[in-house]
Amino acid sequence: MPPGIDSTTTGRRESSRIHDANSRRVLDVATRQRRLNKQLEALEKDNFQEDPLEHLDAPKKKRPKFGIPSDHEDDDTEQQTQPSKKKKRLRGDHFKQRFRKTFAAVLEEERVGLGNSELPNYFTASVPPSKFPARHFCSVCGFLSSYTCVSCGARYCSIKCLGTHQDTRCLKWTV
Amino acid sequence: MKNVVVLDNGACTLKICRSGETVVRTVPNSIFRSKTERRKSFVSSRIDSCKDFSSLFYVLPFQKGYLLNWDVQRQIWDFIFGKDVLNLKFNETSVIVTEPHFNFASIQESMNEIFFEEYEFNSIIRINASTLASHQYSHDNPEENCCLVVDSGYSFTHIVPYYKNRKIVEAVCRIDVGGKLITNHLKEVISYRQLQVMDETYVMNQVKEDACYISMSFNEEMATCKKKGKENTVLRDYVLPDYTQIKRGYIKPVEESKKPNPKSKTQEQTIRLTVERFTVPEILFHPSDVGISQMGLAEGILHSISKCPEKYRPHLLRNILLIGGNCLFPNFKERLEHDVRELAPDEQEIFIILPPDPTTYACQGGMTWSNSDGIKKHWLSQRDYQEGGQVTCAKYFPDI
């Protein structure tokens, strides 16, 4: 039952446990898949922290400009120096622009290029799903698990781990 | 004889070997930024001069195993080819450079262009690392025609069957599990259960290399991990480096880890590893453990073999060659042998070869191959490139 319907029956006497169970949000299959994909994507990341040098360069570029004469002077000098800077960086920039592509863009290009061709390619090389059933591990402690969280589909092995799971991860943003 | 350089351009490390040298150099294929030394980037092996590896930031030229950030790669190549490391004379040097399987056309074109027009090498060969490994293998074992290369690297794992050093393209298989994913999973698990280490890629990679292993009897070791005290033979405490007193992390000797240290070194930060030690690298054999719907290694090998002509199959099973960094996990070969044995037909013989150094094997293969006569027709020279352009390249390197 969707949680919204409950509101009409609030006046009636009822078990609080059933009420709780009904009002608990349960994720559907699509959402669970999306969460899983997000987790798998996170496993491919190079870094989780921010680039330590990023902030050092940023303020220079985006310094706000106010109508103070000294600022305009600054502007002028910047304009004068710009052309020479450009020349210096030309080769690098050319590389960046011509060859810079994201993985998704390259994949898309490949997909279009292949058309209906049956030749072996990046997509066909991926091994198919296993014939064997997947094993399940407790998302909290890592031991084999027998139970599934009703709300989000994560696995757990004991009441204790379920408690930890609900306090920390269930229906929350996880990476 | 020409000057030949073999460049195994991996997503995590570069393996370089030049003619006349016997050792293969391994350097990181990455630019690093450290939290402590601001305003400074470390290109490739310059990272050796860095003292603090905590929260090291990686700028990698590869994404998902394919070369996409060319400006990063250029900086690294400039450094390696330049006077700091190799000091190459480009117009007198021929280079064998590796690329991943099913490399995309746009990447191949950029590569040709950079090697011929920017660096102006004398001649090049673009080839898969596993093919070089196959050349080395057939050189060492001339009586064998077939070879199945399992290349388990940083970004993914490829299973590639060869017949007379030609790859059977239809049967090439990819499992999207590599060293990076394993390290990231270990990081994630430790961060949730014990200590926030999401930023410590460098440190956790060392933890993985030091403490993780492939289990030979998974369920039994799972049970061992539940035991307490001395009976738990899997449990280890790992001392994390702090880069002031402890320069490198290490596994605490077993006797010390059971009882709290009386000479309380309070600064010492440890993580306790139990199931993580073998369930994390287990993803290689069961990608479904983390929800990747793909076959594991052993199953993938048989899947790949089933796509090969029937007459090659027994030979392929008898010549399985392991290369790539993940093969360095203890018990990797034994476990794979065990799993393939279970799945393969009873009457067939299985033999798996793990070279002494699986990471540089392909690079050595390139060097061996460059001394043979068979290589001559594969070199694409600067002059041919100038005449024929990208079209000639496509003809010369039809995914050899």
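The basis for the numbers below is simple: all heavy atoms, side chains too, and nothing from hydrogens, waters or symmetry mates. Protein chains get the first letters and strands the later ones, always in sequence-line order, with residue 1 at the start of each.
- Thr168(A) and Tyr192(B) form a side-chain donor-acceptor contact under 3.5 Å, judged by distance and modelled atom types alone.
- Between chain B and the options Leu144(A), Leu119(A), Thr102(A), Val140(A), the largest number of non-hydrogen pairs under 4.5 Å is found for Val140(A).
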- request: Could you check Phe137(A) against Glu282(B) for side chain to side chain contact (heavy atoms under 4.5 Å, CB included), going step by step and ending with a plain yes or no?
  value: CA-CA 12 Å; Phe137(A) 298 93; Glu282(B) 183 74 13; 5.8 Å; no
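- Judged purely by distance below 3.5 Å, without hydrogens or angles, the side chains of Glu299(B) and Ser130(A) pair a donor atom with an acceptor atom.
- Although no hydrogens or angles enter the test, the distance criterion places no donor-acceptor pair under 3.5 Å between the side chain of Lys180(B) and the main chain of Lys45(A).
- Both tests pass for Arg135(A) against the ring of Phe218(B): distance under 6.0 Å to the centre and angle within 45° of the axis.
- A distance below 6.0 Å separates the ring centres of Tyr66(B) and Tyr122(A).
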query: Would Lys131(A) and His303(B) satisfy side chain to side chain contact (heavy atoms under 4.5 Å, CB included), going step by step from the backbone distance to the final call?
result: CA-CA 11 Å; Lys131(A) 289 194 296 262; His303(B) 176 75; over 6 Å; no
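- Counting non-hydrogen atoms of other residues, nucleotides and ligands closer than 6.0 Å to NZ of Lys227(B) gives a total above 12.
- With 3.5 Å as the limit, one finds a donor-acceptor pair spanning the side chains of Ser126(A) and Gln294(B).
- Among Asn121(A), Thr124(A), Leu40(A), Asn37(A), the residue making the largest number of heavy-atom pairs under 4.5 Å with chain B is Asn121(A).
- Among the residues in residues 107-115 of chain A, those with a non-hydrogen atom closer than 4.5 angstrom to a non-hydrogen atom of chain B are Leu107(A), Glu109(A), Glu110(A).
- Contact annotation for Ile182(B): neither backbone nor side-chain heavy atoms come within less than 4.5 Å of a heavy atom of chain A.
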